[in-house]
Amino acid sequence: MAFPILSAKEAAAQIPHNANIGLSGFTASGSPKVITEAIAAKAVKEHEEGRPYKVNIFTGASTNNHADGALARANAIGRRTPYQNTPDLRKRINSHDAHYFDLHLSELAQKFRYGTYGDLDFAIIEVAKVFDNGEVVLGTGVGNVPTYAKYAKRIFLELNNTLPEGLYGLHDIYMPLDPPYRREIPIYKPSDRIGEPTVKIDPAKIAGIVHSDAYDGIKGFTELDDVTLQIGANVCNFLLAEVKAGRIPASFLPIQSGVGNVANAVLFGLGNAKELPPFEMYTEVVQDAVIELMKMGRCKFGSTCSLTLSDKTEAEVLANIDFFRDKIVLRPAEISNSPEIIRRLGVIAMNTALEADIFGNINSTHVVGTKMMNGIGGSGDFTRNGYLSIFSCPSITKGGLISNIVPMVSHVDHTEHSVDIIITDQGVADLRGKDPVQRAEAIIDNCAHPMYRELLRDYLRMGKGGQTPHSLNAALAFHTSFLETGDMRNTDWAKFGA
């Protein structure tokens with residue numbers, strides 16, 4: 001069947017104000033590029049002519065500058081979920097120009113199939129190949145494409161000419177039945193394949209193909225510094241001690257790692273920790289460090305939802321796709337982040353915190369409690385269900401003006417019940433089996449920076465009794481002091497009646 005070939009502008013012209021749109025991809029990888037930029041240009045024109053124009057965007061996770069960035073700059077986003085990390089969109093969210101609702105990544109596909117968010121008017125899907133029967137080979141990110149492709153009324157395909165047809169076979173597309181008919185998802189090791197290499201799309205729904213040659217535009221991570229290297233070393237030393245103690249099997253367990261410089265440092269540390277055996281990953285993103293570990297033989301296999309690679313590393317992987325073909329599988333988000341599979345495989349979950357409090361609660365999303373940074377992403381899917389839940393962050397930021405260990409987190413994403421281990425550049429706090437005061441002592445002694453330890457000990461001493469001895473008047477004093485003076489070290493407990 002011959003599908004219409006359209007320009008990006010022609011595709012955008014068919015998308016009306018307030019349309020619900022599902023986008024392919026997971027992080028920047030596999031996200032649309034040229035049609036979303038054309039929608040943004042249309043929004044600018046509509047606004048200039050005095051007409052409202054916004055669309056509602058549903059994704060797999062974050063997207064890229066071509067999608068979230070362009071649409072946010074044009075003030076063209078009405079509703080947005082489930083995760084984002086674009087500065088322009090962040091500004092819109094925090095000024096309430098865009099209505100963003102944060103959501104665990106594993107949940108969105110099923111909620112959409114149940115009709116929670118209404119009908120899906122359009123899907124825009126980046127592909128590497130289109131077959132005449134409507135089957136497509138996806139790009140480097142899957143996200144929620146199987147659900148969007150099935151439920152969208154009309155579909156635009158972005159055929160990216162930079163993607164090799166050799167991507168065929170890298171994907172494992174599987175959509176579970178919904179409750180009450182769902183059975184177990186039959187993945188028993190990270191390398192198991194249970195689905196199809198392509199997404200099957202009803203040809204009648206394909207409104208057109210738009211050609212693209214744009215890259216994802218993912219920048220390489222910054223060079224590792226002493227702080228991130230120390231965090232990575234502390235994580236590796238902890239895992240090695242667990243293996244020696246028999247609390248992790250000698251054959252090791254699958255690993256999940258979040259995105260960012262700290263996560264990258266942890267992965268590089270695992271590459272250098274030769275005492276640990278080569279390992280597998282069951283995760284939501286594979287980033288540059290994992291590719292290096294695969295080349296070194298340290299990472300045997302990576303099950304993921306996306307290849308979140310810098311343009312340079314992506315080009316290397318695509319040029320050597322046969323080498324990586326038996327080392328990587330790309331899955332939909334509700335499979336890569338499935339709580340059932342994570343619990344069954346015994347995944348070691350390693351994620352990054354913005355801040356942690358002395359009782360073990362984690363803030364992953366909000367700066368000073370109010371301003372959305374990125375979103376919870378998949379951290380909750382893995383944290384709550386992993387064999388071990390590890391959170392890491394630097395002990396201080398901005399040269400010591402901010403302590404990332406605080407009396408009480410200013411926003412709670414992960415409660416103390418889901419957090420086993422907290423690791424900073426200062427050391428490791430093992431919270432397992434400890435009551436709140438014991439957790440506080442372990443976190444202050446091992447994770448807080450020395451310049452903040454006495455302030456935190458003072459706070460613990462002046463707690464008002466009970467199992468968790470908070471002083472409610474002073475619980476957010478670190479944050480208040482920072483807002484007032486720009487330095488958490490200026491906290492004066494007496495000022496807060498403590």
Side-chain angles (χ1 to χ4, degrees), residues 15 17-29 31-32 36-37 39-40 43 47 52-112 115-124 141 143-144 147-148 258-260 284-285 305-306 308 333-334 337 351-355 362-381 409-414:
I15 298 177
H17 169 62
N18 206 36
N20 286 340
I21 306 174
L23 301 185
S24 63
F26 192 95
T27 66
S29 304
S31 298
T36 45
E37 287 185 332
I39 294 171
H47 296 163
Y53 187 85
K54 288 190 175 185
V55 292
N56 305 311
I57 300 296
F58 300 86
T59 65
S62 56
T63 64
N64 52 35
N65 189 52
H66 303 284
D68 277 337
L71 291 168
R73 288 190 292 275
N75 200 11
I77 297 179
R79 280 198 300 170
R80 176 71 173 84
T81 198
Y83 181 79
Q84 60 77 41
N85 67 354
T86 307
D88 293 303
L89 179 53
R90 188 179 302 138
K91 292 175 184 176
R92 294 291 186 190
I93 291 167
N94 287 320
S95 63
H96 300 282
D97 289 324
H99 301 291
Y100 172 74
F101 57 99
D102 207 10
L103 190 68
H104 299 295
L105 299 185
S106 65
E107 295 183 357
L108 181 56
Q110 178 176 294
K111 288 179 182 291
F112 226 112
T116 304
Y117 307 120
D119 293 339
L120 190 64
D121 301 305
F122 296 90
I124 305 174
N144 291 318
T147 293
Y148 297 157
V259 181
E284 54 191 346
V285 291
C305 190
S306 77
T308 307
E334 64 179 327
N337 290 50
N351 290 285
T352 303
L354 283 180
E355 62 180 7
I362 300 293
N363 172 15
S364 297
T365 60
H366 285 72
V367 176
V368 199
T370 60
K371 294 182 179 179
M372 169 57 69
M373 188 67 173
N374 297 326
I376 197 169
S379 59
D381 298 324
V409 288
S410 55
H411 176 90
V412 182
D413 292 293
H414 309 284

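With sequence neighbours excluded, the residues that form a side chain to side chain donor-acceptor pair (under 3.5 Å) with Asn351 are Gln256. Applying the ring pair (Phe, Tyr, Trp, His ring centres under 6.0 Å) test to His66 and every residue at least two apart in sequence or in another chain returns nothing. Scored by the side chain to side chain donor-acceptor pair (under 3.5 Å) test, Thr59 finds Arg80 as partners (sequence neighbours excluded). Every residue two or more places apart in sequence or in another chain that forms a side-chain contact (heavy atoms from CB on, under 4.5 Å) with His99 is listed here: Arg79. Scanning for side-chain contact (heavy atoms from CB on, under 4.5 Å) contacts around His411 gives Asn363, Thr365, His366, Asp413, with sequence neighbours left out. Residues forming a salt bridge (charged side-chain N to carboxylate O under 4.0 Å, His left out) with Glu355 (at least two apart in sequence, or on another chain): none. Residues forming a side chain to side chain donor-acceptor pair (under 3.5 Å) with Thr36 (at least two apart in sequence, or on another chain): none. Partners of Asn374 by side-chain contact (heavy atoms from CB on, under 4.5 Å), not counting sequence neighbours, listed by chain and number: Tyr83, Asn85, Arg90. A search for ring pair (Phe, Tyr, Trp, His ring centres under 6.0 Å) contacts involving His104 returns nothing, not counting sequence neighbours. Ala74 is linked by a side-chain contact (heavy atoms from CB on, under 4.5 Å) to Ala40, Ala43, Val44, Ala76, counting only residues two or more places apart in sequence or in another chain.
Closest non-hydrogen pair, Leu108 versus Pro82, comes out as CD2-CD, 3.7 Å. Taking all atoms of both residues into account, the shortest heavy-atom contact from Leu89 to Ala98 is CD1-CB, 4.2 Å. Minimum interatomic distance between Ser364 and Thr352 (heavy atoms only, all atoms of both residues): OG-O, 4.0 Å. Minimum interatomic distance between Asp119 and Phe112 (heavy atoms only, all atoms of both residues): C-CE2, 4.3 Å.
Residue Tyr117 holds its OH atom at 6.0 Å from OG1 of Thr81, rounded to the nearest 0.5 Å. Interatomic distance, CD1 of Ile57 versus CZ of Phe122, reported as 11.5 Å (0.5 Å rounding). Here the straight-line distance linking atom NE2 of His47 with atom CG of Asn75 works out to 6.0 Å at 0.5 Å rounding.
Put simply, the side chain of Asp121 does not reach to within 4.5 Å of the side chain of Asn56, judged on heavy atoms. Residues Asn18 and Val55 form no side-chain contact, since every pair of their non-hydrogen atoms from C-beta on lies 4.5 Å or further apart. Looking at His414 and Ile376, their side chains come closer than 4.5 Å, going by heavy atoms from C-beta outward. Looking at heavy atoms from C-beta onward, Asp68 lies in side-chain contact with Ile77 at the 4.5 angstrom threshold.
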Inset, instruction - I would like to know whether Ile15 and Ile39 meet side-chain contact (heavy atoms from CB on, under 4.5 Å); could you show each step before the answer? - result: CA-CA 8 Å; Ile15 298 177; Ile39 294 171; 3.6 Å; yes
Inset, instruction - Might you work through the side-chain contact (heavy atoms from CB on, under 4.5 Å) test for Asn20 and Phe58, ending with a clear yes or no? - result: CA-CA 8 Å; Asn20 286 340; Phe58 300 86; 3.9 Å; yes
Inset, instruction - Run the numbers on Thr63 and Ser31 for side chain to side chain donor-acceptor pair (under 3.5 Å), then give the verdict. - result: CA-CA 6 Å; Thr63 64; Ser31 298; 5.0 Å; no
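Legend: salt bridge (charged side-chain N to carboxylate O under 4.0 Å, His left out) pairs involving residues 93-103, not counting sequence neighbours, sorted by first then second residue: Arg92-Asp97. Screening residues 18-28 for salt bridge (charged side-chain N to carboxylate O under 4.0 Å, His left out) gives no qualifying pairs among residues at least two apart or on separate chains.
The backbone N or O of Thr147 lies less than 3.5 Å from no partner atom in the side chain of Asn144, so there is not a single donor-acceptor pair. Put simply, the side chain of Glu284 never gets that close to the backbone of Gly377: no donor and acceptor are under 3.5 Å apart. Without hydrogens or angle criteria, Ser95 side chain to Lys91 main chain gives a donor-acceptor distance under 3.5 Å. Remark: side-chain polar atoms of Ser29 are not paired, donor with acceptor, to backbone N or O of Gly141 under 3.5 angstrom. In terms of modelled atom types and a separation under 3.5 Å, the side chain of Ser306 and the main chain of Phe26 share a donor-acceptor contact.
Classified by interplanar angle (parallel below 30°, tilted 30° to 60°, perpendicular above 60°), the ring pair His17/Tyr53 is tilted.
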